[in-house]
Amino acid sequence: MGYWDTPGRSDEWYTPPAVFEALGCRFDLDVAPARMGGHHVPAAEITVADGLVEDWHGFVWMNPPFGGRNGIEPWLDRFFAHGDGIALTPDRTSAPWFWSAWAKADAALFTRKIRFLRPDGTAGVSPSNGTALFAAGDRAVAALHRAAGCGLGNVHTTPKVDRRGPQVVQPKRGASSWAAEVALARAFAEPNP
């Protein structure tokens with residue numbers, strides 16, 4: 001189990017400033033801000049109550065509470081419905097919610113393990129798995145590419161699967177990576193037996 005799955009433990013873990021430095025952008029709104037520690041997300045505004053019910057506007061940053069099995073799903077649903085920003089999640093590539101997010105994202109940046117910060121500002125221990133940043137919108141995609149250039153991780157654009165079947169809409173890129181993504185998209189578009 002990761003620290004975010006441990007019952008009775010805190011959801012209060014914050015993104016280190018180095019992540020924002022690598023992204024090189026400023027956000028209009030932090031939709032799930034620190035509740036107990038200082039605020040270091042480069043955002044013009046923060047939500048003050050429940051980010052799931054407050055109005056969202058502009059380019060958003062979302063590092064939601066990871067607690068509880070599938071507790072991240074309503075946050076991701078809201079994020080992709082908004083369609084403009086960057087969402088930070090654990091890179092749980094085998095989880096159904098992760099595949100749903102992958103299908104909706106314009107790009108994803110897979111990082112090394114990030115030591116998140118406690119409310120007192122000290123770094124936590126190394127988590128059990130890495131982190132994924134999901135991009136919604138062109139500005140977010142550009143920020144993920146900038147962060148990859150700074151060594152934060154590797155960016156992957158997501159193939160868009162046509163809801164009528166396993167046809168794939170080809171993004172602009174080289175043929176070799178395209179063939180691999182088509183094969184992957186087709187494999188996961190097939191219904192389970």
Side-chain angles (χ1 to χ4, degrees), residues 2-92 97-98 100-101 104-127 129-144 146-147 150 152-153:
Y3 59 81
W4 53 81
D5 290 329
T6 310
R9 297 252 177 119
S10 175
D11 267 346
E12 295 294 325
W13 293 94
Y14 308 124
T15 310
V19 171
F20 300 111
E21 291 165 13
L23 289 168
C25 61
R26 184 156 176 77
F27 298 91
D28 296 314
L29 180 66
D30 179 355
V31 299
R35 298 294 176 210
M36 299 187 321
H39 186 72
H40 62 267
V41 175
E45 297 177 55
I46 63 171
T47 57
V48 293
D50 182 352
L52 281 175
V53 297
E54 287 191 45
D55 289 334
W56 291 14
H57 62 275
F59 188 55
V60 301
W61 167 256
M62 186 182 81
N63 176 1
F66 293 176
R69 182 173 174 84
N70 299 321
I72 201 166
E73 284 184 285
W75 287 94
L76 286 168
D77 290 344
R78 178 80 190 269
F79 174 78
F80 288 112
H82 177 71
D84 187 17
I86 298 174
L88 183 148
T89 72
D91 68 356
R92 297 273 184 75
W97 64 259
F98 191 94
S100 176
K104 295 173 187 172
D106 293 315
L109 177 102
F110 293 92
T111 72
R112 294 175 173 84
K113 293 180 180 182
I114 295 174
R115 292 181 64 185
F116 289 88
L117 304 179
R118 295 181 181 98
D120 67 5
T122 60
V125 298
S126 182
N129 50 317
T131 302
L133 298 173
F134 287 110
D138 293 340
R139 189 170 165 191
V141 171
L144 295 193
R146 194 167 29 255
C150 291
L152 187 62

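These figures come from a predicted structure and were not determined experimentally.
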Distance (rounded to the nearest 0.5 Å) between Asp84 CG and Phe79 CZ: 8.0 Å
Close side-chain approach of Leu23 to Pro42, heavy-atom, < 4.5 Å: no
Minimum heavy-atom distance Asp28-Gly58, with the two atoms named: OD2-CA, 3.3 Å
Closest non-hydrogen atom pair between Ala32 and Pro64, with its separation: CB-CA, 3.9 Å
Criterion side-chain contact (heavy atoms from CB on, under 4.5 Å) against Asp30, the qualifying member of Thr47, Val60, Val41: Val41
Closest approach of Ile72 to Pro90 (non-hydrogen atoms, all atoms of both residues): CD1-CD, 3.9 Å
Aromatic plane relationship, Phe27 with Phe59 - under 30° parallel, 30 to 60° tilted, over 60° perpendicular: parallel
Stepwise side-chain contact (heavy atoms from CB on, under 4.5 Å) check, Ile46 with Glu54: CA-CA 10 Å; Ile46 63 171; Glu54 287 191 45; over 6 Å; no
Atom pair OG1/CZ of Thr89 and Phe98 - distance to nearest 0.5 Å: 5.5 Å
Distance (rounded to the nearest 0.5 Å) between Thr15 OG1 and Trp61 CH2: 4.5 Å
Heavy atoms of other groups near Asp55 CG, more than 12 under 6.0 Å: no
Nearest-0.5 Å distance, OG of residue Ser100 to CD of residue Glu73: 7.5 Å
CH2-CG distance between Trp75 and Leu88, expressed to the nearest 0.5 angstrom: 13.0 Å
Heavy-atom check, side chain of Leu109 versus side chain of Arg146, under 4.5 Å: no
Heavy-atom pair of closest approach, residues Asp77 and Lys104: OD1-NZ, 3.7 Å
Close side-chain approach of Glu45 and His57, heavy atoms under 4.5 Å: yes
side-chain contact (heavy atoms from CB on, under 4.5 Å) assessment of Ile86 paired with Leu144: CA-CA 9 Å; Ile86 298 174; Leu144 295 193; 4.3 Å; yes
Nearest heavy atoms of Gly51 and Trp56, plus distance in Å: O-NE1, 2.6 Å
Test: Asp106 and Arg139 ion pair at under 4.0 Å: no
Side chain proximity check, Val19 to Thr131, heavy atoms < 4.5 angstrom: no
